[in-house]
Number of protein chains: 2
Amino acid sequence: MSQGEPGIELDTSLGYMLKAAASALHSAMEAVLSPLGMTITHYSCLELLAQRPGLSNSELARGAFVTRQSMNVLLQSLERQGLVIRPARAPVGRALPTELTDLGRRQLEVASAAVRRVEQNMLADLDTDEQDQMRRLLRTCITSITEPPASTT
Amino acid sequence: MSQGEPGIELDTSLGYMLKAAASALHSAMEAVLSPLGMTITHYSCLELLAQRPGLSNSELARGAFVTRQSMNVLLQSLERQGLVIRPARAPVGRALPTELTDLGRRQLEVASAAVRRVEQNMLADLDTDEQDQMRRLLRTCITSITEPPASTT
DNA sequence: TGACTCATGTCAGTAGTCTGACATACGGTG
DNA sequence: CACCGTATGTCAGACTACTGACATGAGTCA
């Protein structure tokens, strides 16, 4: 079965393992959010707004790792549901600062608790030092990927 | 814009950082695969087949972290393009063992080299020990998420 | 002032993935 | 043998997120 050919060794490839971990986390979050009638992006948007009130559509999109077009569709839906609110006119520029409503805050509370349990379960076998180490490693990876690769066609 | 906001809980949440890292890697891979006319799942499928020839549709789906329905659509497309080949009838059960064609192998070579560069760039600032540590941490997380939470619903 | 650049919000069309459903094949157990 | 549970391949419809496009507002610079 295992032929060390060219390409990437799947069992040791950090790229593959990163995707595997993210996929597992995604599934676990979906499993707890779906019964609440929420998608992951839906939850992410609410969580972002709770921690950073007044974020614009584009800023929310970047924070939730989707395009601003996708976030815009979601925001319109959340607005109709009365979970968030945006001013009719932009106070400055074109950006519309978004805020959670009380209803949105209540919905987020339930979801946030569920997601926190998922994350705690993921980290159940890691002590504090290991978690710090993992933060450091992930941050280094993110920086390296995001920064200019210097030389590539 | 309202920049300058100090990072809050989000910046220390390992779940969020995991998603951020995976998203950055995803974008970087997309950026190099798109010019080759390939999607990430397309590449993943070919890479899996190179290392584990004879994988079935369902096995490929699990390996690429998509549903078997999605992989089936992709496989039919790859088959039409002459990149993979499947027997008309299953030798045993219903599973159809899939194999790369020479054309598929050639296309994979180019893509694999590009993806390897992306992964190496991601790990540019990590030494061997740190990479091993990261493998260990990710594997622990995957196991914890996947295993039964053994708690209340 | 006017031209240029950049970021934003939004509309429309497209593509990839998902859920639901059904038929088929194997392995157990009565 | 018949029955049941599990796994697979596949078709169809629905959904989510994406790319492309356009207009608006703010900042820069000559």
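Treat the numbers as computed from the prediction; the structure is a model and nothing was measured. Because only heavy atoms are used, hydrogens play no part in the values below, and waters and symmetry mates are left out as well, while side chains stay in. Residue numbering restarts at 1 for every chain, and letters A, B, ... go by the order of the sequence lines.
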*Asks:* Given the rule in the side-chain contact (heavy atoms from CB on, under 4.5 Å) test, do A:Arg86 and A:Gln76 qualify, once you have shown the distances and angles that lead to the verdict?
*Replies:* CA-CA 10 Å; A:Arg86 286 191 290 181; A:Gln76 288 173 354; 4.0 Å; yes
*Asks:* Should the pair A:Asp11-B:Arg52 be classified as a salt bridge under the 4.0 Å nitrogen-to-oxygen rule?
*Replies:*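 Here A:Asp11 pairs with B:Arg52 in a salt bridge, since their nearest N and O are under 4.0 Å apart.
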*Asks:* What's the CE-P distance between A:Met71 and D:dC18, to the nearest Å?
*Replies:*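 For the pair A:Met71 CE and D:dC18 P, the rounded distance is 10 Å.
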*Asks:* Just by protein heavy atoms under 4.0 Å, how would nucleotides 9-16 of chain D read 5' to 3' in B, S and -?
*Replies:* BBB-----
*Asks:* Using only heavy-atom distances, determine whether the side chains of A:Thr67 and A:Ser70 contain a donor-acceptor pair under 3.5 Å.
*Replies:*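 The criterion, which ignores hydrogens and geometry beyond distance, is satisfied for A:Ser70 and A:Thr67.
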*Asks:* Could you state the atom-to-atom distance from CG of B:Leu78 to C1' of C:dG16 in whole Å?
*Replies:*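 Atom CG in B:Leu78 sits about 13 Å away from atom C1' in C:dG16.
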*Asks:* Tell me whether the side-chain N/O atoms of B:Thr67 come closer than 4.0 Å to OP1 or OP2 in C:dC18.
*Replies:*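 The answer is yes; a side-chain N or O of B:Thr67 sits under 4.0 Å from OP1 or OP2.
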*Asks:* Just by distance, with hydrogens left out, do B:Thr140 and B:Arg136 show a side-chain donor and acceptor under 3.5 Å apart?
*Replies:*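 The answer is no; no qualifying pair exists.
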*Asks:* Examine C:dT8: is either OP1 or OP2 under 4.0 Å from a nitrogen or oxygen in the side chain of A:Arg62? Give yes or no.
*Replies:*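 It does, given that an N or O in the side chain of A:Arg62 lies less than 4.0 Å from OP1 or OP2 of C:dT8.
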*Asks:* Specify the separation, in whole Å, of atom CG of B:Leu74 and atom P of C:dC18.
*Replies:*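 Going from CG in B:Leu74 over to P in C:dC18 covers 12 Å.
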*Asks:* Would you check if there is a donor-acceptor pair between the side chains of A:His42 and A:Glu47 at a distance under 3.5 Å?
*Replies:*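 On atom types as modelled, these side chains do not qualify, holding no pair under 3.5 Å.
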*Asks:* Could you give me the CA-CA distance, side-chain angles and deciding distance for B:Val118 and B:Asn121, then say whether side-chain contact (heavy atoms from CB on, under 4.5 Å) is met?
*Replies:* CA-CA 5 Å; B:Val118 170; B:Asn121 180 50; 5.7 Å; no
*Asks:* Once you round it to whole Å, what is the distance between P of C:dT17 and CG of B:Leu60?
*Replies:*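 Those two atoms, CG and P, are 14 Å apart.
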*Asks:* Starting at the 5' end of DNA chain C and moving along, which residue's nearest nucleotide shows up first, B:Arg89 or B:Ile40?
*Replies:*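 Counting from the 5' end, the first nearest nucleotide belongs to B:Ile40.
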